[in-house]
Structures are given as structure tokens and as C-alpha cells.
Amino acid sequence: QVQLVESGGGLVQTGGSLRLSCAAPGRTSSTNAMGWFRQASGKEREFVAAINWSGGTTWYADSVKGRFTISRENAKNTVYLQMNSLKSADTAVYYCAAGPRGSASSTEYTYWGEGTHVTVSS
């Protein structure tokens, strides 16, 4: 069982920044890619960004392109989501996920963290 631990959520004003972290215990063929998803109250979970460990290829949802950056620190088995220019629409619970390949589909990910809350106030 792979346990993912997210951190870095909190309350921030519109236009502010937050950095989320996701620590994974190690990398295997089944956890070659890491993704971030979010779920706002009353809405379905949606893709935010993903990255693969090996080549660093990244994917982003259109709604966050140019504002969010996903990155990885291989030595620490940690993935980050730098969120800038935050909007109220970014308010959600953010989940870290791990799977064999990067994808915008949540079904491609095998392991999930418990989530961290991000609230953007105006």
C-alpha cells in the first residue's frame, strides 16, 4: 500500500499563492506519475496537473495553465504544486495521486492521499 501525504493547504486571499507538497514513500512502476486533482463542494473531482518522475513531462488543466506549476524533487520523492494568482474558483480539497502513467483521468491513478483544503477568499 502506497501512502501519499499532502501538505501546504490553507486560507489565502484572491491573487495570493500557495505551494502544496505530496510526499510519496518511493517510486515503482506503478507510481511513475503523480497527479493533483481537486474537488470543490458540490462538484465532481477534476484534474489539475500531473508529472511523470522519469522525464518530467507535465500536463495541466486549461483552467490552471499559466498560474499553477507542478514539479518534482526526486531525491525526496516529493511532488509540488505551486499555485499563483489564486481565484475563488480554486477553492477546493486538493488530492495527490500516484499511478503508472501521467493522465488527466482519475481512473489511471491507483493511490490517493487524503486531501488538503485550499480556501481562496475575496
Side-chain angles (χ1 to χ4, degrees):
Q1 184 70 20
V2 173
Q3 289 188 319
L4 306 177
V5 180
E6 303 109 330
S7 61
L11 174 65
V12 63
Q13 290 188 329
T14 299
S17 299
L18 279 177
R19 189 177 79 158
L20 306 183
S21 299
C22 176
R27 300 198 305 273
T28 67
S29 59
S30 63
T31 59
N32 188 50
M34 303 290 289
W36 286 98
F37 289 76
R38 67 186 182 186
Q39 187 167 17
S41 180
K43 295 187 178 180
E44 294 186 353
R45 190 170 298 188
E46 64 175 3
F47 171 73
V48 176
I51 189 169
N52 64 16
W53 287 110
S54 55
T57 303
T58 57
W59 297 264
Y60 293 96
D62 288 342
S63 59
V64 306
K65 280 181 182 176
R67 299 189 300 121
F68 291 11
T69 302
I70 189 170
S71 61
R72 73 204 194 285
E73 189 170 353
N74 291 13
K76 293 185 177 181
N77 291 330
T78 299
V79 173
Y80 304 99
L81 185 68
Q82 177 66 44
M83 306 186 295
N84 299 328
S85 302
L86 283 162
K87 308 173 182 179
S88 58
D90 297 317
T91 295
V93 178
Y94 283 72
Y95 298 90
C96 176
R101 64 190 62 81
S103 172
S105 173
S106 61
T107 59
E108 293 290 332
Y109 295 87
T110 308
Y111 305 102
W112 292 82
E114 295 187 351
T116 185
H117 289 259
V118 172
T119 303
V120 184
S121 65
S122 57

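Any value given below was found using the heavy atoms of this structure, including those in side chains, with hydrogens, waters and symmetry copies removed.
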State the [atom1]-[atom2] distance between [X] and [Y], to the nearest 0.5 angstrom.
| X | Y | atom1 | atom2 | value |
| --- | --- | --- | --- | --- |
| Phe68 | Ser63 | CZ | OG | 7.5 Å |
| Leu18 | Gln82 | CG | CD | 8.5 Å |
| Thr57 | Arg101 | OG1 | CZ | 14.0 Å |
| Arg72 | Cys22 | CZ | SG | 14.5 Å |
| Leu11 | Thr91 | CG | OG1 | 8.5 Å |
| Tyr95 | Glu6 | OH | CD | 8.5 Å |

Side-chain heavy atoms of [X] within contact of [Y], under 4.5 Å:
| X | Y | answer |
| --- | --- | --- |
| Leu4 | Thr31 | no |
| Pro100 | Asn32 | no |
| Arg38 | Val64 | yes |
| Val79 | Trp36 | yes |

Checklist entry - After noting the C-alpha distance and the side-chain angles of Lys87 and Asp90, does the key distance pass the salt bridge (Lys or Arg N to Asp or Glu O under 4.0 Å) rule? => result CA-CA 5 Å; Lys87 308 173 182 179; Asp90 297 317; over 6 Å; no

Checklist entry - Taking everything shown except Gln3 itself, do over 12 heavy atoms lie less than 6.0 Å from its CD? => result no

Checklist entry - Is it the case that more than 12 heavy atoms not belonging to Glu114 sit under 6.0 Å from its CD atom? => result no

Restricting to non-hydrogen atoms, name the atom on [X] and the atom on [Y] that form the minimum distance, rounded to 0.1 Å.
| X | Y | answer |
| --- | --- | --- |
| Ser17 | Asn84 | OG-OD1, 2.9 Å |
| Ala50 | Ser103 | CB-O, 4.2 Å |
| Ser122 | Thr14 | CA-OG1, 3.4 Å |
| Ala92 | Ala40 | CB-N, 3.7 Å |

Item to check | Stepwise side chain to side chain donor-acceptor pair (under 3.5 Å) check, Tyr80 with Glu73 | outcome: CA-CA 8 Å; Tyr80 304 99; Glu73 189 170 353; 2.7 Å; yes

Item to check | Verdict with supporting geometry, Thr107 and Ser105, side chain to side chain donor-acceptor pair (under 3.5 Å) | outcome: CA-CA 5 Å; Thr107 59; Ser105 173; 2.7 Å; yes

When you group the ILVMFWY residues by side-chain heavy-atom contacts below 4.5 Å and let the links chain together, are [Y] and [X] in the same group?
| X | Y | value |
| --- | --- | --- |
| Leu81 | Phe47 | no |
| Tyr111 | Tyr109 | no |
| Leu20 | Trp53 | yes |
| Tyr94 | Trp59 | no |
| Ile70 | Val93 | no |

Checklist entry - Is there a donor-acceptor pair closer than 3.5 Å between any side-chain N or O of Ser85 and the backbone N or O of Gly15? => result no

Next on the checklist: Under a 3.5 Å distance rule, please check whether Tyr60 uses its side chain to pair with a backbone N or O of Arg67 as donor and acceptor.
Outcome noted: no

Checklist entry - Can a cation-pi geometry be assigned to Arg45 and Phe37, taking NZ or CZ under 6.0 Å from the six-membered ring centre and within 45° of the ring axis? => result no

